[in-house]
Amino acid sequence: MSHTAHIPSHRKPRQRASKSALRAGVAGGFLSTIAVAGAAGPAQAEPVTQTIEMPTITDGLSTAVAASAQATQQVALDLETRASEDAAAEKAAKTAKKAHAEAVREAEAEKKAEAAAKAKAKAEAEERAERASRTAERTTLSASSGSSDSGSSASAPSSSSNVSGSAASIVAFAKAQVGDAYVSGGTGPNAWDCSGLVQAAYRTAGIDLPRVSQSQSTAGTQVSLDNLQPGDILYWGGAGSAYHVAIYVGGGEFVGAQNSSTGTVQRSLDYDRPTGAVRVL
């Protein structure tokens with residue numbers, strides 16, 4: 001073999017400059033991308049060193065879940081029961097309140113009825129006492145008249161047939177009210193007390209009398225019961241302290257608003273003889 005023969009070289013062929021530049025650019029771009037990504041990430045990021053495993057459903061866990069569900073259901077039942085009990089208690093309270101109010105109303109009604117009964121009994125007792133007082137006054141007056149007029153005959157009272165003028169007006173008005181009711185404090189036109197009737201009768205004749213019987217019993221001249229004239233005012237009790245008055249209408253009779261039982265009546269003097277009389281006309 002010739003010493004000048006070509007011996008192959010073990011060196012790699014020299015690359016071209018363009019390929020080297022391309023490879024350098026690609027590598028530089030990749031490294032730059034890694035650098036930017038690293039800078040954009042969290043500065044204190046820690047590597048994940050642990051893996052969280054999900055619990056495995058076992059028989060114990062199933063039992064616990066079932067027990068929790070049962071407890072929740074029991075709580076719901078307890079709340080429902082308590083709500084029912086509260087509703088029942090509220091309803092019972094309303095019923096008791098209503099019953100109490102009804103009992104109070106009934107008690108008040110009974111109290112009013114009892115008061116009315118007592119007032120009626122009192123009025124009846126006062127009426128009986130008044131009648132008894134009138135009887136006693138009449139007895140006393142009769143005894144007094146008998147002793148002062150011994151042996152003399154009493155003249156007969158004037159008859160209403162001879163009434164005229166103001167007396168006729170007073171008598172006519174009084175008689176027209178017979179049958180009207182008696183009401184304490186009544187002044188007409190359909191209910192009267194004794195002095196209210198007398199006052200209204202005299203007003204028809206243009207005469208204004210005091211309102212009460214005590215004052216009316218002294219409003220005129222005292223006259224004897226044996227010398228009465230129609231239109232005279234009769235009174236029961238003392239002059240100035242009389243408790244009842246009426247109007248003499250002649251013929252031995254009077255008209256008066258007696259009491260709540262009889263109302264306004266026309267009666268004989270013997271029915272309830274008066275204590276005295278006054279003449280205003």
Report yes or no: does [X] contribute a side-chain atom to a donor-acceptor pair with the main-chain N or O of [Y] at less than 3.5 Å?
X	Y	answer
Asn227	Ser224	no
Ser213	Ala242	yes
Gln216	Ile233	no
Trp192	Gln177	no

Between [atom1] on residue [X] and [atom2] on residue [Y], distance to nearest 0.5 Å:
X	Y	atom1	atom2	result
Trp236	Ser217	CH2	OG	12.0 Å
Leu234	His244	CG	NE2	9.0 Å
Gln73	Ser68	CD	OG	11.5 Å
Arg211	Ser195	CZ	OG	4.0 Å
Glu253	Asp270	CD	CG	10.0 Å
Ile207	Leu281	CD1	CG	4.5 Å

ILVMFWY network linking [X] to [Y], side-chain heavy atoms under 4.5 angstrom:
X	Y	answer
Leu269	Val223	yes
Val278	Tyr202	yes
Val245	Val212	no
Tyr243	Tyr248	yes
Leu197	Val178	yes

Does one side chain, of Tyr235 or Gln222, offer a donor that lies under 3.5 Å from an acceptor on the other?
yes
Could you verify whether a donor N or O on one side chain and an acceptor N or O on the other, from Asn259 and Thr262, lie under 3.5 Å apart?
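Yes - a donor-acceptor pair under 3.5 Å links their side chains.
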If you look at every heavy atom in Gly250 and Pro230, which pair is closest and at what distance?
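Scanning both residues, the minimum pair turns out to be CA-CG, 4.0 Å.
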How close do Asp180 and Pro189 get, heavy atom to heavy atom, and via which atoms?
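Between these two residues, the closest heavy atoms are OD2-O, 3.5 Å.
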Review item, side-chain donor-acceptor pairs of residues 86-107, under 3.5 Å, at least two apart:
from	atom 1	to	atom 2	distance (Å)
Thr95	OG1	Lys91	O	2.9
Glu102	OE1	Arg105	NH2	2.4

Just so I know, are the side chains of [X] and [Y] near enough to count as touching, which here means a heavy-atom distance under 4.5 Å?
X	Y	answer
Asp272	Gln258	yes
Asp193	Tyr182	yes
Arg203	Asp208	yes

